[in-house]
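Below you'll find the structure, written out as structure tokens, and then a few comments.
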Amino acid sequence: MGEKFLTVYSPDEVIEKILNLFIINKKNLSIPVENSYGYYAANDVYSQIDLPPFRKSLVDGFAVNSKDVKGASFENPVFLKNLGEIKIGTKPEILISNGTTCYVPTGGVVPEGADAVVMVEDSEVKGDTVFIFKDIQSTQNMFEEGSELKKGSVILRKGERVDERIIGLLNFVGVRFVDVLSPIKIGIISTGDEISDEYPLPFGKIFDYNGITLKYLILKDGFSPSFYGVIKDNAINIKYALSIALQENDLVIMTGGTSKGNFDLTVDTINSLGKPGVIVHGLNVSPGKPTIFGVVNDKLIVGLSGNPLASFMIYSTVIRKMIFEKLGIRLPLKKVIGKLSTQISSRKGRTEFVLGRLRIENSDNIIDPLLSDSSFTFILSDSHGYFKVPQEKEGLLANELVEFFLW
């Protein structure tokens with residue numbers, strides 16, 4: 001049985017202690033690029049073509065041999081024979097030789113024999129003669145084939161997520177199908193006699209916060225959530241719901257029933273379902289101290305506090321890190337360095353997560369802590385992110401630099 005508040009662990013210690021005790025069976029899918037948004041790459045993905053795939057003009061202008069226009073100026077123009085025009089998206093049939101040129105549009109193919117493109121504004125056409133008024137260097141105003149990216153280059157690494165910056169590039173370099181990780185399934189169970197879905201809300205009751213919030217945190221991370229509803233504080237009902245959720249998912253997250261109250265059934269329920277049962281009961285963090293980590297039949301079960309802020313923070317800072325590490329995928333963290341606008345007090349010996357707002361003042365990042373009781377929920381929607389007070393400190397000073405993690 002896990003140690004209930006007798007031995008508390010840091011998040012990193014918990015991950016090290018738990019990570020090899022549960023299994024997530026990873027499955028790969030091969031899907032069309034256009035359907036790959038939000039998935040994680042199961043293998044490195046390589047460019048199928050050079051970029052650009054041909055010698056490409058960067059301007060509207062005239063393709064030339066740079067030696068032909070050496071020394072050209074407005075006072076001393078060079079005149080070249082105009083061989084015609086290259087249509088964009090077509091293969092040139094024109095070959096540039098000494099003393100000749102042709103028009104090429106932006107994005108068009110630079111013909112053989114040319115090594116630069118003179119901009120239209122630096123030229124003038126008279127009949128079949130083009131006057132060039134500017135000296136130009138080799139490769140100016142053009143890209144050589146493959147100068148941006150070579151065929152076979154890695155463009156998406158294993159474990160990275162396909163996002164709006166990547167999906168267009170995948171298509172652009174000729175990738176038709178991508179091997180991705182099939183989204184893991186995560187069951188969610190809310191517990192508590194105090195939670196109601198009745199309207200109007202009965203006196204003494206609250207609406208569910210954790211179930212719907214966890215669902216969308218999980219979706220945001222690219223996984224597949226299943227919500228099993230709100231279960232009253234009844235041992236038989238909680239055990240039944242948890243057993244079903246374990247059968248149908250890769251791991252399960254429960255909320256409520258983790259502290260020392262009379263209705264706290266999570267520990268006993270987990271232990272009743274199989275070995276090894278509860279491994280850890282207690283994190284040295286605030287909020288979220290009573291978090292439970294257990295394993296049943298090789299599947300991870302996490303019991304979160306019913307406190308909405310604690311539930312949100314422990315998923316965001318501990319559970320997702322554990323899952324990402326287990327799957328071998330890259331954990332995206334958006335953070336900035338900023339100065340605290342005010343002093344923060346904290347209890348030494350535990351890591352404290354403090355919500356805050358980010359603002360810019362005189363080109364500096366300023367972090368305004370949002371101080372409140374940990375049971376407050378509205379404060380979360382008002383925040384831009386959070387920072388940590390390390391467990392070895394009793395607080396942080398005004399103007400002290402902190403890492404601020406953005407949502």
Side-chain angles (χ1 to χ4, degrees), residues 31-37 41 44-157 160 162-178:
I31 60 176
V33 164
E34 59 266 29
N35 297 333
S36 67
Y37 180 84
D44 289 348
V45 181
Y46 303 91
S47 175
Q48 301 300 299
I49 60 172
D50 290 329
L51 275 187
F54 52 83
R55 303 169 75 234
K56 177 182 176 181
S57 177
L58 301 177
V59 297
D60 292 338
F62 288 90
V64 300
N65 185 317
S66 58
K67 294 178 181 178
D68 283 346
V69 297
K70 187 174 180 61
S73 66
F74 189 79
E75 295 79 16
N76 186 30
V78 170
F79 55 91
L80 303 173
K81 183 178 180 181
N82 189 359
L83 300 181
E85 178 180 348
I86 294 172
K87 301 290 186 182
I88 194 165
T90 63
K91 183 177 181 179
E93 297 180 356
I94 295 171
L95 177 65
I96 300 300
S97 57
N98 290 342
T100 64
T101 186
C102 70
Y103 176 80
V104 58
T106 301
V109 180
V110 177
E112 291 300 318
D115 66 350
V117 181
V118 176
M119 292 191 294
V120 167
E121 49 265 47
D122 295 322
S123 65
E124 183 178 343
V125 179
K126 292 184 178 180
D128 63 355
T129 301
V130 179
F131 289 83
I132 305 297
F133 302 115
K134 188 174 182 179
D135 192 341
I136 194 168
Q137 305 300 312
S138 179
T139 71
Q140 193 169 337
N141 296 329
M142 61 171 284
F143 276 152
E144 291 288 355
E145 181 178 341
S147 57
E148 182 180 2
L149 191 71
K150 292 293 186 183
K151 180 180 179 179
S153 298
V154 177
I155 56 172
L156 182 66
R157 296 199 176 278
E160 291 182 334
V162 180
D163 62 17
E164 64 278 2
R165 298 170 300 117
I166 295 296
I167 194 165
L169 180 61
L170 290 171
N171 194 68
F172 200 51
V173 298
V175 177
R176 298 182 62 195
F177 291 87
V178 185

Legend entry - Taking every non-hydrogen atom, the tightest pair across N82 and C102: OD1-CA, 3.9 Å
Inset, instruction - Indicate the atoms forming the closest heavy-atom contact of L170 with V33, along with that distance. - result: CB-CG1, 3.9 Å
Legend entry - Check: S66 main-chain N/O paired with D115 side-chain donor or acceptor under 3.5 Å: yes
Legend entry - Trace of the side-chain contact (heavy atoms from CB on, under 4.5 Å) decision for T90 with V109: CA-CA 7 Å; T90 63; V109 180; over 6 Å; no
Inset, instruction - Calculate, to the nearest 0.5 Å, the distance between atoms OG and NZ belonging to S138 and K70 respectively. - result: 11.5 Å
Inset, instruction - Work out which heavy atom in K151 is nearest to a heavy atom in D50; give both atom names and the distance. - result: N-OD1, 2.8 Å
Inset, instruction - For N98 and N65, run side-chain contact (heavy atoms from CB on, under 4.5 Å): C-alpha distance rounded to whole Å, both residues' side-chain angles, the deciding distance at 0.1 Å, then the answer. - result: CA-CA 7 Å; N98 290 342; N65 185 317; 4.3 Å; yes
Inset, instruction - Measure the CD1-OG1 distance between I94 and T100 for me, rounded to the nearest 0.5 Å. - result: 9.0 Å
Inset, instruction - Decide if atom CZ of F172 counts as having more than 12 heavy atoms of other residues, nucleotides or ligands within a radius under 6.0 Å. - result: no
Legend entry - Heavy-atom check, side chain of D60 versus side chain of P105, under 4.5 Å: yes
Legend entry - E93, CD atom: more than 12 neighbouring heavy atoms under 6.0 Å: no
Inset, instruction - Take L156 and V162, measure what side-chain contact (heavy atoms from CB on, under 4.5 Å) needs, and give me the verdict at the end. - result: CA-CA 8 Å; L156 182 66; V162 180; 3.7 Å; yes
Inset, instruction - Apply the test side-chain contact (heavy atoms from CB on, under 4.5 Å) to residues I155 and V175: give CA-CA distance (whole Å), side-chain angles for both, the deciding distance (0.1 Å), then the verdict. - result: CA-CA 10 Å; I155 56 172; V175 177; 4.3 Å; yes
Inset, instruction - Can you label the angle between the Y103 ring and the F62 ring as parallel, tilted or perpendicular, going by 30° and 60°? - result: perpendicular
Inset, instruction - Could you tell me whether F131 atom CZ has more than 12 heavy atoms of other residues or ligands within 6.0 Å of it? - result: yes
Legend entry - Under 3.5 Å: donor-acceptor pair, side chain of D68, backbone of G99: yes
Inset, instruction - Indicate the atoms forming the closest heavy-atom contact of S123 with V130, along with that distance. - result: CB-CG1, 4.1 Å
Legend entry - Spacing of D135 atom CG and S73 atom OG [to the nearest 0.5 Å]: 9.0 Å
Inset, instruction - Would you check if the side chain of N141 reaches a backbone N or O of L58 as a donor-acceptor pair within less than 3.5 Å? - result: no
Inset, instruction - Give a yes or no on this: more than 12 heavy atoms of other residues, nucleotides or ligands lie within 6.0 Å of atom CZ of F133. - result: yes
Inset, instruction - Nearest 0.5 Å please: distance from the CG atom of D163 over to the CG atom of L169. - result: 10.5 Å
Legend entry - Heavy-atom pair with the smallest gap, counting every atom of L149 and S153: CD1-CB, 3.6 Å
Inset, instruction - Please name the pair of heavy atoms, one in A63 and one in V104, separated by the smallest distance, quoted to 0.1 Å. - result: N-CG1, 4.1 Å
Inset, instruction - Side-chain contact test, heavy atoms from C-beta onward, threshold under 4.5 Å: evaluate it for P52 versus S147 and give yes or no. - result: yes
Legend entry - Value rounded to 0.5 Å, distance of CZ in R176 from CD in Q48: 10.5 Å
Legend entry - Interatomic spacing from CD in E124 to OG1 in T129 - rounded to 0.5 Å: 11.0 Å
